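Given the structure is predicted, the values throughout are model-derived calculations rather than measurements. Any value given below was found using the heavy atoms of this structure, including those in side chains, with hydrogens, waters and symmetry copies removed.
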Amino acid sequence: MFAFRHQPLKALYYTYVLISLPVRFPYWVLVSALPAWRPRRSWTLRRAVMIRLVKLFVDTGYVVDLNLSRVDANVKAKHPERVGFVWVDAVPAELVAGEVAGCAKVNNISPVRVPGYWYGQRTADGEWGQRAEPDEKVLYVLHGGGYFGGSGAPDGLGVPSIVNGILANCKGLFRRAFALDYRLSSTAPFPVENPFPAALIDALSGYRYLVEALGFSPDNIVVEGDSAGGHLTIALTRYLISTGLPGLPPPHATILLSPTADWACTHDTDKNCSMERNYATDYVYPILKGGYTARALTGALPPDAIYSNAYLSPASLKIAEPAGLFKGFPPTYILAGGLEHTLDGMITLRDRIVNDCGTECVKYMEYEDAMHDFLAQEWHEPERTQALLDIQEWLGDVFNV
Ligand SMILES: *[C@@H]1O[C@H](CO)[C@@H](O)[C@H](O)[C@H]1NC(C)=O
Ligand SMILES: *[C@@H]1O[C@H](CO)[C@@H](O)[C@H](O)[C@H]1NC(C)=O
């Protein structure tokens, strides 16, 4: 991994990938020309080609470095009005409690101020971050990106497709959404930075900002996260439930889009597990199987924490006593693609929440022909439009409107 991370190899490798595209592209079209040649007969030619392009992008990151998918908050902060930029204050250290405080001590993590971005309605004078109106609801967004990359910024990739999609479909419910850029993690061969629980503490700062600084009732907050952001949504919600911080009860509901529930890959037991079976139809294999994110999150914690600690892998099959992990969880929508690498873990996650909270607590929607995190990909139709309608309907039930 990362063999071409230094210059000039890095520049050479990027050049190679770029100039290979005009050759690869017609080749991909050719080998996908007939439905029978595609990973799924039901897939369109476009989807069969797009999966190869996305795979190439992800794979390149693991050959060079993961910097392409990083966003510099200081650059965004220069034009706050363009991207709804705000700084979010760090939570006071005493709000970091229990098991998480223990991990923070081992990994030397303290709360810091973090960037966030507003989507949707501004005040009359064009400002963002105004106080909540009476009974106003808000969508709190935690982006994906394997904990090494991605951003919630509205001028980026992926998250805007999700957030603008939900806001457009749920106009009567949300006037705005707030996306947080929590600290990203890295590890060898790069500098060791921000292992667990850095992102969780930041997600808590963002939640507290909405509740205490802006006056949103937790009962009016829906936390939505895709991929690693779905993982973070689970961790934040479990943390709020288990610590019972004064004034910070859990949110009204959560939306988990292709959540990464098993960083330890404990479901990969045979050739027919989703990780192997879906090799041709999904793109996160190196993110999970390469183990880079798992190591970056673990930091100085004991290496077995990645499969024994429910904050790190809430669906791990190696957790000794999974019953009760999700006690008190709010209504939760889990979106899964039927062709995802991490499908098995999402099914375990669903079953665990159902065991603790009942079937009515979970809406599990598996879209048969879909790949990972497809709401983030505007071209992934018709599933994307369908899922946005499904989420809208479910939110209507959850808020009884
Ligand atoms: C990003 O690139 C810089 C310069 O090449 C390097 O120092 C840093 O470690 C990289 N970080 C990651 C996470 O790839
Ligand atoms: C592989 O797993 C899938 C999903 O559980 C199942 O539908 C399929 O029949 C299995 N295939 C084999 C060969 O066991």
Side-chain angles (χ1 to χ4, degrees), residues 14 17-18 21 25 46-47 49-80 82-85 114-120 139-169 177-186 199 224-233 255-260 282-288 292-293 335 337 340-342 370-381 383-385 387-388 391:
Y14 278 132
V17 170
L18 275 181
L21 276 180
F25 199 75
R46 181 180 194 187
R47 191 174 298 187
V49 170
M50 282 310 285
I51 184 72
R52 291 184 183 249
L53 187 64
V54 178
K55 266 178 188 289
L56 177 67
F57 179 76
V58 173
D59 293 351
T60 302
Y62 285 89
V63 176
V64 181
D65 62 30
L66 299 166
N67 279 358
L68 263 194
S69 54
R70 288 193 164 213
V71 162
D72 187 342
N74 294 312
V75 173
K76 300 286 175 201
K78 284 193 183 132
H79 298 283
R82 233 183 256 168
V83 288
F85 186 95
V114 274
Y117 307 88
W118 280 101
Y119 288 69
L139 188 71
Y140 178 34
V141 177
L142 299 169
H143 69 81
Y147 281 109
F148 56 74
S151 166
D155 57 351
L157 288 174
V159 167
S161 162
I162 299 172
V163 179
N164 293 327
I166 295 178
L167 288 183
N169 273 266
F178 178 68
L180 189 84
D181 274 8
Y182 51 85
R183 278 171 284 179
L184 299 175
S185 308
S186 65
E224 175 272 310
D226 63 300
S227 195
H231 173 265
L232 186 53
T233 302
I255 299 175
L256 311 176
L257 308 175
S258 298
T260 312
D282 202 12
Y283 56 89
V284 300
Y285 195 89
I287 304 179
L288 274 296
Y292 177 81
T293 293
L335 169 144
E340 287 199 55
H341 284 304
T342 55
M371 62 184 72
H372 181 68
D373 205 358
F374 65 86
L375 275 196
Q377 316 194 34
E378 302 226 359
W379 51 269
H380 204 299
E381 294 293 1
E383 290 92 341
R384 182 175 172 276
T385 295
L388 287 170
I391 289 170

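With a 4.5 Å cut-off on side-chain heavy atoms, Ser186 and Tyr292 count as touching. Between Leu335 and Leu375 the shortest side-chain heavy-atom distance falls below 4.5 Å. Looking at Tyr147 and Thr260, their side chains never come closer than 4.5 Å, going by heavy atoms from C-beta outward. Side-chain atoms of Ile166 and Leu139, non-hydrogen and from C-beta on, do get closer than 4.5 Å to each other. Residues Gln377 and Val54 meet the side-chain proximity criterion, which asks for heavy atoms closer than 4.5 Å. Counting heavy atoms from C-beta on, the side chains of Leu288 and His341 never come closer than 4.5 Å. Side-chain contact between Val159 and Val141 is present, with heavy atoms from C-beta onward closer than 4.5 Å. Taking the side chain as every heavy atom from C-beta outward, Lys76 and Pro115 never approach each other to under 4.5 Å.
At distances below 3.5 Å, not a single donor-acceptor pair connects side-chain atoms of Asp282 with backbone N or O atoms of Met371. Between the side chain of Arg384 and the backbone N or O of Trp379, no donor-acceptor pair lies under 3.5 Å. Proximity of a side-chain donor or acceptor of Asp181 to a complementary backbone N or O of Ser151 within less than 3.5 Å is not detected. In this structure, the side chain of Glu224 does not engage the main chain of Leu257 through any donor-acceptor pair within 3.5 Å.
Every residue two or more places apart in sequence or in another chain that forms a salt bridge (charged side-chain N to carboxylate O under 4.0 Å, His left out) with Arg183 is listed here: Asp202. In this view, Tyr119 satisfies the ring-ring contact (aromatic ring centres under 6.0 Å, His included) rule with no residue, not counting sequence neighbours. Listed by chain and number, the residues in a side chain to side chain contact (heavy atoms under 4.5 Å, CB included) with Thr233 are Leu142, Val223, Thr237, Thr254, Leu256 (sequence neighbours excluded). Partners of Tyr140 by ring-ring contact (aromatic ring centres under 6.0 Å, His included), not counting sequence neighbours: none found. For Ala370, the side chain to side chain contact (heavy atoms under 4.5 Å, CB included) partners two or more places apart in sequence, or in a different chain, are Tyr367, Phe374, His380, Glu383.
When all heavy atoms of Ser227 and Asp373 are compared, the pair lying nearest together is CB-OD2, 3.9 Å. The shortest non-hydrogen separation linking Gly156 to Pro160 is O-CG, 3.5 Å. Among all heavy-atom pairs drawn from Ala228 and Gly146, the shortest one is CB-N, 3.6 Å.
The six-membered or imidazole ring of His143 lies near that of Tyr182, with a centre-to-centre distance under 6.0 Å. Aromatic ring centres of Tyr117 and Phe85 lie closer together than 6.0 Å.
Crowding of Leu56 atom CG: a count of heavy atoms from other residues, nucleotides or ligands under 6.0 Å exceeding 12.
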Can you check side chain to side chain contact (heavy atoms under 4.5 Å, CB included) on Arg82 and Asp155, steps first, answer last? CA-CA 9 Å; Arg82 233 183 256 168; Asp155 57 351; 6.0 Å; no
How far apart are the C-alpha atoms of Asn169 and Ile391, what are their side-chain angles, what is the distance that settles it, and do they pass the side chain to side chain contact (heavy atoms under 4.5 Å, CB included) test? CA-CA 9 Å; Asn169 273 266; Ile391 289 170; over 6 Å; no
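Glu378 CD to Ser161 OG: the interatomic distance, rounded to the nearest 0.5 Å, is 4.0 Å. A distance of 9.0 Å separates CZ in Arg70 from CG in Asp65, rounded to the nearest 0.5 Å.
Sorted pairs that involve residues 55-64 and meet side-chain hydrogen bond (donor to acceptor under 3.5 Å, both in side chains), not counting sequence neighbours, are lacking altogether.
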